[in-house]
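The structure appears below as structure tokens.
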Amino acid sequence: MKILAIIVSYNFEHWINQCLGSLRQSIQPVDIVVIDNCSLDATTSIIEKHYPEVRLIKNEKNLGFGHANNIGMRIALQEEYNAVLLLNQDAWIDAQTIGTLANLLSIKPQYGIISPVHLNGKGNKLDQGFATYIGITDLTKITKVPVIPATFINAACWMIPTSVLRVIGGFSPLFYHYGEDKDYINRLKYHGYLLGYSPNVFGYHDREYREVTPATFFRSEQVYLLSEYANINYSFMKAFGYSILAGLKKASKALIHNKNKDAIKYLDITFRLITHTFEVIKVRKRTIHKEDNYIKS
């Protein structure tokens, strides 16, 4: 199977050797493209000097996570790869991971995305987010079967067949950074594919250092409500209720509890969602169709 690993980088220097080094050690051969979003550190020079096998694309501006990944997906379709591996810059994999995921995709065509188990950067426990997504906190409690269905897994390590890219397309332009994966999984579900993970192979996601601040919390609220607004599994009126009306409800609850600053934040989020209504409608109409949306153009 011909596989292209796609990594979007921005100040990637800290993780380069772990991330790219793990791909070098993969038992299953894999080609690598790094799409750099104008790193301010030594990312590009390190790759050019120490990883000559990596195809490096230097963007002239920071295009965001989704748009940059779409560039890699376009290469995969144009050059007739069988699958892509989306790998975060702060993530890496075991040597057998790519081969196992590729084999599962070939025998489980109902799955549009398959991921490994996500461990933390130290590799001594489940990544906190991944544990929340799958509803299991103890690694030893995961059943050892070939693949386990899931409702959500973040895009730190996804393998997607290019046949699925031709049906679903790339990441939506509604999302600049964060929320792209939630929206993509909603579209995956709409078009009849499953999402799952292999309990037998591992990826590592070095993100425990991240602090959850009020700003990051409200950003997550914003992208969640936007993903609900764009969710093509809902009618437009239902999506409106789960996003715009839900935002107003959150603002009202905050006012009732005398959290005026929170109420203002939710009102601001809701207003911004309303101003993007035309764009949301346009994206909803486009993504219901089976084609390589946002990859070919």
Side-chain angles (χ1 to χ4, degrees), residues 6-12 15 33-41 43-44 57-76 84 86-91 113 129 152-158 160 165 168-188 205 207 210-232 239-240 242-244 246-247 250 265-287 292-297:
I6 303 170
I7 300 162
V8 174
S9 65
Y10 179 75
N11 296 344
F12 183 25
W15 300 282
V33 60
V34 172
I35 299 100
D36 187 70
N37 271 334
C38 298
S39 291
L40 302 176
D41 62 5
T43 291
T44 58
I57 297 173
K58 301 178 187 178
N59 290 332
E60 295 182 356
K61 63 179 181 178
N62 191 331
L63 299 178
F65 179 81
H67 191 165
N69 264 298
N70 290 349
I71 293 172
M73 293 178 184
R74 184 178 304 123
I75 292 170
V84 297
L86 306 189
L87 188 64
N88 273 19
Q89 67 171 12
D90 58 355
I113 298 172
F152 180 77
I153 298 171
N154 70 31
C157 187
W158 282 1
I160 313 172
L165 297 182
I168 297 176
F171 289 112
S172 168
L174 287 173
F175 302 87
Y176 177 78
H177 192 57
Y178 299 120
E180 303 95 336
D181 45 6
K182 173 63 174 173
D183 176 72
Y184 200 88
I185 289 170
N186 288 339
R187 291 157 56 197
L188 190 83
H205 197 183
R207 61 174 184 169
R210 296 178 186 173
E211 180 184 0
V212 178
T213 64
T216 58
F217 170 77
F218 281 107
R219 185 177 183 181
S220 69
E221 288 284 87
Q222 179 182 341
V223 296
Y224 172 74
L225 291 174
L226 178 58
S227 71
E228 290 290 89
Y229 207 9
N231 191 341
I232 55 176
F240 185 89
Y242 284 163
S243 56
I244 305 300
K250 286 173 181 284
K265 286 285 188 181
Y266 279 118
L267 288 172
D268 179 61
I269 288 170
T270 304
F271 176 76
R272 278 184 279 165
L273 288 174
I274 292 170
T275 63
H276 284 89
T277 295
F278 177 77
E279 189 180 358
V280 169
I281 291 172
K282 183 178 178 181
V283 166
R284 287 174 59 88
K285 288 181 177 179
R286 184 169 180 176
T287 53
D292 50 351
N293 290 304
Y294 311 117
I295 297 177
K296 63 183 179 182
S297 62

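Environment of CZ in Phe218: crowded, with over 12 heavy atoms of neighbouring residues, nucleotides or ligands closer than 6.0 Å. For His276, the NE2 atom sits in a loose shell: 12 or fewer heavy atoms of surrounding residues, nucleotides or ligands are nearer than 6.0 Å. The environment of CZ in Phe152 is crowded: more than 12 heavy-atom neighbours from other residues, nucleotides or ligands sit within 6.0 Å.
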List the steps and the verdict of side chain to side chain contact (heavy atoms under 4.5 Å, CB included) for Asp183 and Leu174. CA-CA 9 Å; Asp183 176 72; Leu174 287 173; 5.6 Å; no

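Between Tyr294 and Phe171, the distance separating the two ring centers is not shorter than 6.0 angstrom.
At least one side-chain heavy atom of Tyr10 sits less than 4.5 Å from a side-chain heavy atom of Leu40. Within the 4.5 Å cutoff, no side-chain heavy atoms of Val8 are placed close to those of Gln89. Considering only heavy atoms from C-beta on, Phe240 comes within 4.5 Å of Tyr229 through its side chain. Residues Leu63 and Ile35 are not in side-chain contact: their nearest non-hydrogen atoms beyond the backbone lie 4.5 Å or more apart. Using a 4.5 Å heavy-atom threshold, the side chains of Tyr178 and Leu226 count as separate.
Not counting sequence neighbours, the partners of Asn37 by the side-chain hydrogen bond (donor to acceptor under 3.5 Å, both in side chains) test are Asn59, Asn62. Among residues two or more places apart in sequence or in another chain, the side-chain hydrogen bond (donor to acceptor under 3.5 Å, both in side chains) test is passed with Thr213 by Thr216. Every residue two or more places apart in sequence or in another chain that forms a salt bridge (Lys or Arg N to Asp or Glu O under 4.0 Å) with Glu221 is listed here: Lys250.
For the pair Asn293 (side chain) and Arg286 (backbone), a donor-acceptor distance under 3.5 Å is present. With hydrogens and angles ignored, the 3.5 Å screen pairs a side-chain donor or acceptor of Asn154 with a backbone N or O of Ala156. Trp15 places no side-chain N or O within donor-acceptor distance of the main-chain N or O of Asn88, the cut-off being under 3.5 Å.
None of Thr287, Asp292, Leu188 except one satisfies the side chain to side chain contact (heavy atoms under 4.5 Å, CB included) rule with Ile168; the exception is Leu188.
Of all heavy-atom pairs between Ser172 and Val283, the closest is OG-CG1, 3.7 Å.
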